[in-house]
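Shown next, in structure tokens, is the structure this report addresses.
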Amino acid sequence: MAVSYVILEKGNPQDRELPKKFYAQAKGRGELTFKKLSKEIAEGSTTVSDSDVLAVLNDLTKVLRRHLENGEIVRFGDFGTFQISINSDGAESEEKFHPSMIKRSKVAFRPGIDLREMLAVLKFEKMK
């Protein structure tokens with residue numbers, strides 16, 4: 001299976017005078033819901049049901065949120081690492097910086113070894 005992509009023409013937001021160029025953008029082929037994910041995980045086990053897996057994944061989401069809100073880095077072993085990342089306006093000095101200058105926050109995910117290896121060997125196909 002390959003990752004699908006489309007080609008889009010985009011301008012340079014820093015210099016709108018430059019000619020537009022064409023770039024690839026990944027396109028999803030569908031989605032895997034939380035419920036379907038739990039069923040698929042349960043199918044690989046003889047001891048847990050999809051309801052058990054769904055309950056664990058729900059709790060995992062709650063625990064992940066709590067620890068990220070606490071400013072902790074959450075390491076999921078070979079899966080990867082979650083951490084809060086922020087963007088802010090600059091201040092002339094440390095004393096002049098105020099938390100209101102923080103403009104955006106997001107959850108940053110850094111893939112672990114298995115996902116990095118998968119990324120290294122991905123195949124791509126253009127959508128028609």
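It should be emphasised that the depicted structure is a prediction, and the values quoted were computed from it without experimental measurement.
When side chains are defined from C-beta on, Q25 counts as touching K10, because their heavy atoms get closer than 4.5 Å. No side-chain heavy atom of I102 sits under 4.5 Å from any side-chain heavy atom of N87. Residues K96 and E94 form no side-chain contact, since every pair of their non-hydrogen atoms from C-beta on lies 4.5 Å or further apart. Y5 places none of its side-chain heavy atoms less than 4.5 Å from the side chain of V3. I7 is listed as a side-chain neighbour of K126, based on a closest heavy-atom distance under 4.5 Å. A heavy-atom distance below 4.5 Å is not found between the side chains of I41 and K39.
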Side-chain donor-acceptor pairs of residues 56-64 under 3.5 Å, sequence neighbours excluded:
residue	atom	partner	partner atom	Å
N58	ND2	L54	O	3.2
T61	OG1	L57	O	3.0

Which donor-acceptor pairs under 3.5 Å do the side chains of residues 26-33 make with protein atoms, sequence neighbours left out?
residue	atom	partner	partner atom	Å
R29	NE	S4	OG	2.8
R29	NH2	A2	O	2.9
R29	NH2	S4	OG	2.8
R29	NH2	E125	OE2	2.7
T33	OG1	K36	N	3.1

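Residue pairs that meet the salt bridge (charged side-chain N to carboxylate O under 4.0 Å, His left out) test with at least one member in residues 40-57, sequence neighbours left out, do not exist here. Sorted by first and then second residue, the ring pair (Phe, Tyr, Trp, His ring centres under 6.0 Å) pairs involving residues 52-73 (not counting sequence neighbours) form an empty list. For the ring pair (Phe, Tyr, Trp, His ring centres under 6.0 Å) condition, no pair includes a residue of residues 22-46, sequence neighbours left out.
Under the 4.5 Å side-chain heavy-atom criterion for grouping Ile, Leu, Val, Met, Phe, Trp and Tyr, V74 is not connected to I113 through any hydrophobic cluster.
Residues satisfying the ring pair (Phe, Tyr, Trp, His ring centres under 6.0 Å) test with F109, not counting sequence neighbours, are F79, F82. Residues passing the salt bridge (Lys or Arg N to Asp or Glu O under 4.0 Å) test with D89 are K103, sequence neighbours excluded. By the salt bridge (Lys or Arg N to Asp or Glu O under 4.0 Å) test, K128 pairs with no residue at all, sequence neighbours left out. In this view, E69 and R65 satisfy the salt bridge (Lys or Arg N to Asp or Glu O under 4.0 Å) rule, not counting sequence neighbours. Residues that satisfy the side-chain contact (heavy atoms from CB on, under 4.5 Å) test with Q14, not counting sequence neighbours, are N12.
Among all heavy-atom pairs drawn from K35 and S38, the shortest one is O-OG, 2.7 Å. Scanning both residues, S105 and I86, for their nearest heavy atoms gives CB-CG2, 3.8 Å. Between S85 and A108, the closest heavy-atom pair is CB-CB, 4.1 Å. Counting all heavy atoms, side chain and backbone alike, R116 lies closest to P111 at NH1-O, 3.0 Å.
Within the model, atoms CD1 of I73 and CZ of R75 stand 5.0 Å from one another, a figure rounded to the nearest 0.5 Å. Once rounded to the nearest 0.5 Å, the distance linking CD1 of I84 with CG of L68 reads 4.5 Å.
Cluster note: L8 groups with V6, M127 through ILVMFWY side-chain heavy atoms spaced under 4.5 Å, whether in direct contact or through intervening members. V121 shares a hydrophobic cluster with no other residue; no ILVMFWY side chain has heavy atoms under 4.5 Å from its own.
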